[in-house]
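No hydrogens, no waters, no symmetry mates; every other heavy atom, side chains included, goes into these values. Note that the structure is predicted; figures quoted are calculated from it, not measured.
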Amino acid sequence: MTGDRPTHVVVVGGGFAGVACTRRLAGRPGVRVTLLERNGYHQFQPLLYQVATAELTPDDIRFDLEAMFAKHDNVEVRTAEVVAVDPSAPSVTLAGGEVVAGDVLVLAAGSQPNFFHTPGADQHTFPLYSLQDAERVRSRVLQLIEDARAKPELVDEGALNFVIVGAGATGVETAGALAELIHEVMPHVHPHLAVAGAQIILVDLGHAVLGPFSPDAHDYAAKQLQRRGVQLRLGTSAREIGPGHVTLSDGDVIRTHLTVWGGGLMAAPLAAGSGLTQGRGGRIDVLPDLTVEGYPSVYALGDVANIPDADDQALPQLGSVAQQAGDWAGRSILAGLEGEGRRPFRYHDKGIMAMIGRKAAVAEIGEHRHELHGRLAFAAWLGVHAQLMANAGAELDAFLAWADEFYLRSHHRSAALLDPATVNTPRIHWDAD
Ligand SMILES: Cc1cc2nc3c(=O)[nH]c(=O)nc-3n(C[C@H](O)[C@H](O)[C@H](O)COP(=O)(O)OP(=O)(O)OC[C@H]3O[C@@H](n4cnc5c(N)ncnc54)[C@H](O)[C@@H]3O)c2cc1C
């Protein structure tokens with residue numbers, strides 16, 4: 001309590017971190033929460049590529065925040081965009097000009113794509129960070145397939161060439177899923193589609209796919225991708241991107257009408273406008289207890305923050321880091337109400353994992369990085385993601401149905417998933433670029 005009123009916690013962002021913090025505070029006496037999320041829903045980012053490649057519908061990974069907290073009177077969810085932060089007050093300003101002040105401010109606004117000043121990348125690539133991004137990719141893929149089916153000569157103009165920039169988990173998962181969509185699903189859906197002319201090209205400046213993983217995992221992932229028809233262009237970067245091509249750093253020009261950007265992330269724009277100290281990737285530097293130096297009532301969590309581990313190294317941008325940090329901040333706020341001191345955040349490392357395709361995944365489990373490939377890694381991936389989803393307060397039904405379908409019948413896609421009528425990305429003018 002602050003005097004005779006409940007402590008007001010203002011949370012910006014309904015992602016993993018914001019939701020975990022709010023869940024910890026929901027229903028607790030002496031505190032009330034205002035959760036500000038521009039979309040009004042929580043999007044489950046680890047499954048974005050399944051939406052982008054028509055494996056899941058957007059509704060399967062979109063969870064209404066108001067419904068999530070409906071039974072808690074001390075939580076108010078508002079669909080609102082925060083445009084400014086005043087850490088001294090602390091308060092935030094909403095897009096309409098309203099100022100929302102709190103006793104505690106929790107910044108959990110996530111990331112945005114980092115194009116590293118690559119010419120044309122911001123205009124002509126398709127990032128994969130939000131649900132809207134995933135829907136745009138899906139629309140473009142379905143449109144290109146439809147165009148190539150109607151006019152097979154467009155395949156020579158790159159209609160079925162897909163470039164993915166960045167061979168981290170997002171790029172690898174997207175490339176693998178696109179390859180399965182084109183080479184395994186489409187021959188059943190459109191038997192006359194010229195899939196032999198399709199190219200799925202994964203580009204990365206580094207010399208291995210899945211950089212943070214072990215050399216064995218690099219080899220395994222590379223082989224699995226190649227087996228699915230993905231071409232690897234490693235040690236190469238995208239130098240320039242236009243509406244119908246990508247120029248690589250070695251001078252090659254690839255004709256394409258879909259370049260997916262998985263090339264890097266930086267802090268959400270709110271970080272830059274906050275006046276708070278920013279470190280690598282523009283992320284807000286935080287103390288071990290997750291508050292910002294000089295502002296004991298301001299927390300920064302998840303992808304928007306540089307969170308130090310016990311060795312003072314920044315933790316990676318992962319859902320599990322964000323979720324644990326959100327929960328920790330909630331506990332810390334509650335402990336403060338009881339007059340207790342703050343403790344440094346301790347991350348319980350569950351490991352890293354990536355899905356390459358059906359029955360092909362890599363996982364390095366726990367702090368000791370016990371390595372798994374193939375079906376066991378798929379099972380580990382499933383378990384960790386089901387737990388992440390459940391912790392985020394989301395329904396597991398669609399996810400589990402997808403896993404069952406994916407594992408047993410990868411060639412099947414419902415008509416609704418592949419319906420071009422849902423296409424909303426601007427159509428391509430085939431005579432341009
Ligand atoms: C394609 C992809 C795949 C991934 N796969 C995995 C995986 O398999 N496993 C894993 O652990 N991690 C994965 N990650 C990383 C993980 O999703 C992120 O680390 C995690 O989402 C970060 O949580 P967060 O709460 O900090 O931010 P987010 O989940 O991004 O949430 C931030 C929220 O803030 C909102 N917001 C932003 N700015 C404002 C504003 N100004 N006003 C109001 N609201 C705002 C956004 O709309 C968003 O809902 C993946 C990420 C991507 C992009």
Side-chain angles (χ1 to χ4, degrees), residues 11-19 35-49 51-52 58 61-62 79-85 92-95 105-138 140 164-171 173-174 204 237-238 241 258-286 292 299-307 314-319 321-323 325-326 425:
V11 179
V12 181
F16 283 105
V19 164
L35 173 58
L36 303 167
E37 164 56 56
R38 62 181 167 204
N39 295 320
Y41 56 79
H42 170 77
Q43 57 194 4
F44 193 79
Q45 281 180 350
L47 302 184
L48 285 178
Y49 83 86
V51 173
I61 67 161
R62 169 174 35 218
T79 302
E81 169 108 27
V82 171
V83 292
V85 175
V92 295
T93 306
L94 307 185
L105 179 59
V106 176
L107 300 174
S111 295
Q112 61 177 323
N114 187 350
F115 297 112
F116 297 104
H117 307 292
T118 308
D122 56 345
Q123 274 176 285
H124 301 300
T125 67
F126 287 61
L128 196 48
Y129 194 73
S130 66
L131 199 48
Q132 292 97 317
D133 293 339
E135 290 187 86
R136 283 180 66 227
V137 173
R138 173 178 169 279
R140 177 54 66 96
I164 299 104
V165 179
T170 297
E173 291 180 332
T174 306
D204 198 295
S237 62
I241 295 158
L258 176 59
T259 302
V260 177
W261 187 264
L265 293 173
M266 58 196 278
L270 213 56
S274 67
L276 299 170
T277 310
Q278 294 171 267
R280 194 157 182 247
R283 298 181 190 97
I284 298 168
D285 285 331
V286 294
V292 181
Y299 289 81
L301 311 173
D303 278 12
V304 83
N306 268 323
I307 302 179
L315 288 166
Q317 281 67 58
L318 284 177
V321 174
Q323 205 165 68
T425 306

Q323: partners by side chain to side chain contact (heavy atoms under 4.5 Å, CB included), with sequence neighbours left out: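 Q323: side chain to side chain contact (heavy atoms under 4.5 Å, CB included) contacts with F16, A20, L388, N391, A392.
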Please identify which of these residues, L301, L276, V292, meets the side chain to side chain contact (heavy atoms under 4.5 Å, CB included) condition with L107.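 Single side chain to side chain contact (heavy atoms under 4.5 Å, CB included) partner of L107 among L301, L276, V292: L276.
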Give me the one residue out of V92, T79, V11 that meets side chain to side chain contact (heavy atoms under 4.5 Å, CB included) with L36.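 With L36 as partner, side chain to side chain contact (heavy atoms under 4.5 Å, CB included) holds for just one option, V92.
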Hey, could you give me the [atom1]/[atom2] distance between [X] and [Y], rounded to the nearest 0.5 Å?
X: D133; Y: R138; atom1: CG; atom2: CZ; result: 14.5 Å
X: R62; Y: H42; atom1: CZ; atom2: NE2; result: 13.0 Å
X: Y49; Y: L128; atom1: OH; atom2: CG; result: 10.5 Å
X: H124; Y: F115; atom1: NE2; atom2: CZ; result: 11.5 Å
X: D285; Y: R280; atom1: CG; atom2: CZ; result: 12.0 Å
X: D122; Y: I241; atom1: CG; atom2: CD1; result: 9.5 Å

Flag side-chain contact, heavy atom, 4.5 Å: V12 against L105: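 V12 reaches L105 side chain to side chain.
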Quick check: closest heavy atoms across [X] and [Y], and the distance to 0.1 Å?
X: L270; Y: A84; result: CD1-N, 4.4 Å
X: W261; Y: N114; result: NE1-O, 3.1 Å
X: T118; Y: A238; result: CG2-O, 3.3 Å
X: P58; Y: L131; result: O-CD2, 4.0 Å
X: A305; Y: V286; result: CB-CG1, 4.2 Å
X: Y41; Y: E37; result: O-CG, 3.7 Å

Under the side chain to side chain contact (heavy atoms under 4.5 Å, CB included) rule, what do Y129 and D303 come out as? Steps first, then yes or no, please. CA-CA 12 Å; Y129 194 73; D303 278 12; 3.0 Å; yes
Treating Q43 as the side-chain partner and I61 as the backbone partner, does any N or O pair qualify as donor plus acceptor under 3.5 Å?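 Between the backbone of I61 and the side chain of Q43 there is no qualifying donor-acceptor contact (under 3.5 Å).
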